[in-house]
Participant: 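Have a look at this one before I ask anything.
For ligands, and for the atoms within them, numbers begin at 1 and follow the listed sequence.
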Amino acid sequence: MGKAPPGKYPQVRTITDSERIRMVQEIFSTITGRYDFLNRFLSLRRDVYWRKFAAAKMTFFRTHRYLDVACGTGDLSVAAARRHPHITVTGVDFVEAMVNAARRKVEREKLADRITLLQGDALCLPFDDASFDVTGIAFGIRNIPDRSRALSEMLRVTAPGGQVMILEMTFVRNRLFKGFYSLYLNHLLPVFAKAFSKNPAAYYYLADSIMNFPAPDEFSKILEQAGLVDVEKFPLTFGIAWLHVGKRAN
Ligand SMILES: C[S@@+](CC[C@H](N)C(=O)[O-])C[C@H]1O[C@@H](n2cnc3c(N)ncnc32)[C@H](O)[C@@H]1O
């Protein structure tokens, strides 16, 4: 599915995992400056609502700590800290420019005493087992080729009975919406990206990665296979994004 992306990035299905990881690192190091603006603009601010929705589903019961994996510029960390004033938050991302942008945001939001940001890899999280009541990842899992390892790391650091949350965009397969969404991803998005981003080719990767992400039912099964229990899923904005919430068994 998906057209060959013009520009410098190959289609995700045609490259090895390590090539994809290098590509993801390059993409996210070059789009940091306009990342938040383009998220808001391209989603008509729905991304803010989606993260708020995820934060509202979080429950804290033992460690009162939340881990934001692939935290990017820290929006879900901030949403979680605002929604739950008694928790502390740790955000981890492997791109230094993203972590620096998140630190600046957290300072601006006067949340530096409750949110810590670290450079680190989702595949090898630098935390002890069962350190967090809730572990989440927003728009990150799509960019990680070894999903099962990332999910097992998230489970490992989550306390028994705690939640693992995945917020992700997916290609809407609904017959009525499919044509419009494909037009948007493959034709409109590149035009906006060209106008506003220093690295418009990155937005072909965005479309390609969304179109190649598993459908929600299939993704629920992937989560169960990874060991999550009580998996629930919530469609957001006609199913453009989905929140999956599972638990680490007690
Ligand atoms: C689309 S952004 C999402 C950022 C943020 N969570 C948000 O809600 O806007 C994806 C992020 O995943 C990060 N990422 C991808 N693979 C990663 C990995 N293996 N370990 C840590 N971060 C990773 C990228 O650096 C990038 O910042």
Side-chain angles (χ1 to χ4, degrees), residues 9 12 15 17-43 45-55 58 66-83 89-106 115 117-127 134-154 157 164-170 185 189 193 197 199 202-210 212-213 236 240-243:
Y9 299 117
V12 295
I15 52 177
D17 285 3
S18 46
E19 284 168 338
R20 183 160 178 195
I21 291 167
R22 277 198 299 279
M23 182 172 103
V24 164
Q25 285 175 330
E26 195 211 281
I27 285 175
F28 287 103
S29 319
T30 54
I31 63 171
T32 313
R34 285 280 173 95
Y35 178 80
D36 286 355
F37 164 74
L38 272 165
N39 271 352
R40 308 293 180 269
F41 178 72
L42 296 172
S43 76
R45 277 192 81 81
R46 291 294 76 199
D47 66 312
V48 174
Y49 161 73
W50 298 335
R51 291 192 198 82
K52 276 191 183 163
F53 183 90
M58 295 177 184
Y66 166 62
L67 175 65
D68 189 9
V69 178
C71 65
T73 58
D75 279 341
L76 186 55
S77 298
V78 169
R82 281 202 190 125
R83 172 76 198 209
V89 177
T90 304
V92 178
D93 199 286
F94 68 3
V95 169
E96 192 184 5
M98 282 292 194
V99 177
N100 290 339
R103 286 207 181 103
R104 289 192 293 274
K105 180 177 293 169
V106 162
I115 302 180
L117 296 150
L118 306 172
Q119 193 175 355
D121 192 339
L123 301 183
C124 185
L125 292 170
F127 308 108
V134 184
T135 305
I137 184 165
F139 316 115
I141 198 82
R142 184 169 30 89
N143 299 297
I144 301 180
D146 193 350
R147 265 182 228 137
S148 60
R149 178 145 161 218
L151 292 169
S152 86
E153 271 297 88
M154 289 175 75
V157 302
V164 175
M165 295 193 167
I166 299 98
L167 180 60
E168 194 47 271
M169 318 253 322
T170 189
L185 285 178
L189 188 103
S197 177
N199 182 3
Y203 287 82
Y204 283 100
Y205 164 75
L206 173 69
D208 187 31
S209 64
I210 291 173
N212 279 289
F213 194 72
L236 298 162
I240 292 173
W242 285 76
L243 176 69

Participant: By side chain to side chain contact (heavy atoms under 4.5 Å, CB included), which residues pair with A102, not counting sequence neighbours?
Facilitator: L117
Participant: Please find the pair of heavy atoms, one from E153 and one from L125, that lie closest to each other, and give the distance.
Facilitator: OE2-N, 2.6 Å
Participant: So does F41 get a backbone contact from the side chain of R45, meaning a donor-acceptor N/O pair under 3.5 Å?
Facilitator: no
Participant: Only one of I137, D146, I166 forms a side chain to side chain contact (heavy atoms under 4.5 Å, CB included) with L151, so which one is it?
Facilitator: I166
Participant: State which residue, out of D75, T90, L76, I115, fulfils the side chain to side chain contact (heavy atoms under 4.5 Å, CB included) condition with D68.
Facilitator: L76
Participant: Quick check for students: name every N or O atom pair between ligand 1 and the protein closer than 3.5 Å, with distances.
Facilitator:
| from | atom 1 | to | atom 2 | distance (Å) |
| --- | --- | --- | --- | --- |
| ligand 1 | 6 (N) | A70 | O | 2.8 |
| ligand 1 | 6 (N) | A138 | O | 2.8 |
| ligand 1 | 8 (O) | R51 | NE | 2.9 |
| ligand 1 | 8 (O) | R51 | NH2 | 3.3 |
| ligand 1 | 9 (O) | Y35 | OH | 2.8 |
| ligand 1 | 9 (O) | R51 | NH2 | 3.0 |
| ligand 1 | 19 (N) | D121 | OD1 | 2.9 |
| ligand 1 | 20 (N) | D121 | OD1 | 3.4 |
| ligand 1 | 20 (N) | A122 | N | 2.8 |
| ligand 1 | 22 (N) | F94 | N | 3.2 |
| ligand 1 | 25 (O) | D93 | OD1 | 2.7 |
| ligand 1 | 27 (O) | D93 | OD1 | 3.4 |
| ligand 1 | 27 (O) | D93 | OD2 | 2.7 |

Participant: Among I210, L206, L167, find the residue that satisfies the side chain to side chain contact (heavy atoms under 4.5 Å, CB included) test when tested with F139.
Facilitator: L167
